[in-house]
2 protein chains.
Amino acid sequence: MAEKTLKERIIDTALRLFEQYGYHGVTVDRIVTESNASKGGFYHNFKSKDELLYHIHDVFITYVLNKAQEAYQNYHTPTERLCAIVQSFVKVFHLYKPHITVFYQESTYLKPEYSQKINEKRDEFKQVIFQVIREGIEAGEFRSELSVEITGMSIIGMVNWTYKWYKPNGPMTIEQIAAHFIDFILHSILTEEAKQKAENTMFFLLNKQMV
Amino acid sequence: MAEKTLKERIIDTALRLFEQYGYHGVTVDRIVTESNASKGGFYHNFKSKDELLYHIHDVFITYVLNKAQEAYQNYHTPTERLCAIVQSFVKVFHLYKPHITVFYQESTYLKPEYSQKINEKRDEFKQVIFQVIREGIEAGEFRSELSVEITGMSIIGMVNWTYKWYKPNGPMTIEQIAAHFIDFILHSILTEEAKQKAENTMFFLLNKQMV
DNA sequence: ATATAAAGACCGACTGGTTGGTTTGTTCAC
DNA sequence: GTGAACAAACCAACCAGTCGGTCTTTATAT
């Protein structure tokens with residue numbers, strides 16, 4: 001084991017470097033050197049530097065989209081679904097932080113052919129969230145005066161921004177952060193009745209004992 | 001009047017191009033051409049392409065920081081202060097959207113000497129928000145179980161993310177968006193008592209008539 | 001007021017380093 | 001022997017930055 005293929009080594013190295021210096025701050029030569037590969041090996045595995053960037057994007061968005069759809073299927077009320085999606089999404093930051101950073105910092109530089117594919121999945125992800133909010137409002141669990149789009153983008157923004165400040169070895173565990181976000185969201189969008197009902201469920205995690 | 005200096009023309013053009021194509025997706029030659037300037041004119045006004053990037057960053061962060069400090073001084077309760085800060089911040093998006101996009105997309109590429117200066121002001125801005133939240137908790141207006149940092153970063157993230165989706169000519173006015181954010185935030189952080197009191201103030205804007 | 005000098009704004013052809021990508025030839029394993 | 005990987009030289013395009021020079025404005029001297 002621990003037998004990483006050349007391709008994996010290249011991706012890992014590129015990810016680390018891109019995260020720190022940005023796509024344009026890293027040359028192919030440097031990726032090649034630091035992953036103990038060769039120019040030939042690089043271009044054997046990737047058509048171009050662009051394709052490598054696309055690959056990184058794709059791995060991440062595909063994973064996140066799947067997780068969201070999974071969460072949607074595994075739960076059956078809007079509140080539970082939303083919590084599960086947010087929770088799984090936040091947890092992704094622990095594993096995929098470099099991917100996420102690259103995803104949100106460098107997508108400008110994707111060639112049109114690539115960015116189109118990525119955007120399709122990204123939109124699909126957004127739609128899952130919008131859908132849950134819409135269903136929550138219809139079911140009377142979420143406040144009816146909310147705008148689906150703004151509320152959805154508020155949640156997405158709040159969660160996504162984590163990539164700018166989350167430190168894997170920082171004072172906050174990713175679970176604590178997720179719990180705060182969920183608490184924040186539920187207080188905002190649940191109706192008064194729904195709050196009563198939800199107060200003792202697994203997702204209403206933020207109690208006085210946490211700082 | 002309408003006499004724009006060369007420097008202004010260069011900045012405006014650069015801003016437009018950077019927003020769309022990213023810092024590294026735009027050459028000095030292109031900036032020069034599209035602003036009807038020359039290479040010499042460019043380097044007469046800026047020491048380097050880097051300095052231009054720094055300038056754009058600085059204008060924005062300085063403005064935002066001032067607005068936040070202003071808002072802090074003009075109001076006197078934590079709730080009012082927080083609302084005023086968020087409101088002024090969101091409104092900035094209308095005027096400074098290109099600046100903001102460049103600020104959050106391209107700051108990786110600032111040379112260390114520049115990014116240090118920028119980060120100082122950015123931290124100062126964060127501290128204003130943290131301070132207000134801290135005071136809100138102490139005053140009993142905000143829920144005591146909240147983490148100052150996570151709550152602060154949630155708010156900042158929610159608001160900042162706007163730059164990814166806000167369209168100046170879109171269906172939502174910037175005021176509507178600001179009202180939603182404030183509604184979202186207040187529902188989350190106010191204590192029950194504070195909510196009763198605040199319900200009729202100027203900031204609790206989101207009522208049933210808005211979709 | 002006029003001539004002259006100095007300063008600053010601006011121009012654009014040119015340069016030199018960088019970098020993504022190619023090519024050629026080789027090694028090694030299955 | 002076929003394909004995965006390496007090594008190294010090479011190329012063409014690109015692009016930030018330079019430099020010598022012009023034109024305009026301002027300051028100075030007579």
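In the text below, chain A, chain B and the rest are named by the order of the sequence lines, each starting its count at 1.
- Computed from coordinates, the Lys49(B) NZ to dG17(D) P distance equals 8 Å when rounded to whole Å.
- Lys39(B) contributes a side-chain N or O that forms a donor-acceptor pair with the base of dG17(D) under 3.5 Å.
- Distance Leu52(A) CG to dG21(C) C1': 14 Å, rounded to the nearest Å.
- Here the nucleotide nearest the side chain of Asp29(B), chosen from dA16(D), dC11(C), dG21(C), is dA16(D).
- Residue Phe42(B) contributes atom CZ, which lies 14 Å from atom P of dC15(D) at whole-angstrom precision.
- For Lys7(B) and dG8(C), the NZ to C1' distance is 14 Å, given to the nearest whole Å.
- Ring centroids of His24(B) and Tyr109(B) are separated by less than 6.0 Å, placing the two rings close together.
- Nucleotide dA16(D) holds its C1' atom 14 Å from the CG atom of Leu53(B), rounded to whole Å.
- Under 4.0 angstrom from either OP1 or OP2 of dC10(C) there lies at least one side-chain N or O belonging to Asn45(B).
- Bending across the helix from dA1(C)-dT30(D) to dC30(C)-dG1(D), expressed as the angle between its end axes from five pairs apiece, amounts to 20° (10° rounding).
- At the heavy-atom level, Val26(A) lies under 4.0 Å from the strands shown only through sugar-phosphate atoms.
- Relative to the side chain of Tyr43(B), the nucleotides dA16(D), dG20(C), dC6(D) differ in distance, and dA16(D) lies closest.
- Less than 6.0 angstrom separates the ring centroid of Phe60(B) from the ring centroid of Phe103(B).
- Close placement of the Phe125(A) and Phe89(A) rings is indicated, their centers lying within 6.0 Å of each other.
- Proximity of a side-chain donor or acceptor of Arg81(A) to a complementary backbone N or O of Tyr72(A) within less than 3.5 Å is detected.
- A donor-acceptor pair shorter than 3.5 Å cannot be found between the side chains of Gln73(A) and Gln69(A).
- Distance, Ile31(B) CD1 to dC15(D) C1': 12 Å, rounded to whole Å.
- Distances from the side chain of Thr27(A) to the nucleotides dG21(C), dT19(C), dC11(C) place dT19(C) closest.
- Trp161(A) and Phe181(A) have their aromatic ring centers separated by at least 6.0 angstrom.
- For the pair His44(B) NE2 and dG21(D) C1', the interatomic distance rounds to 15 Å; values are reported in whole Å.
- With no hydrogens or angles considered, no side-chain donor-acceptor pair links Tyr54(B) and Glu113(B) at under 3.5 Å.
- Across the protein-nucleic acid pair, Lys4(B) atom NZ and dC10(C) atom C1' stand 19 Å apart, rounded to whole Å.
- The side chain of Ser38(A) sits closest to dA7(D) out of dC10(C), dT18(D), dA7(D).
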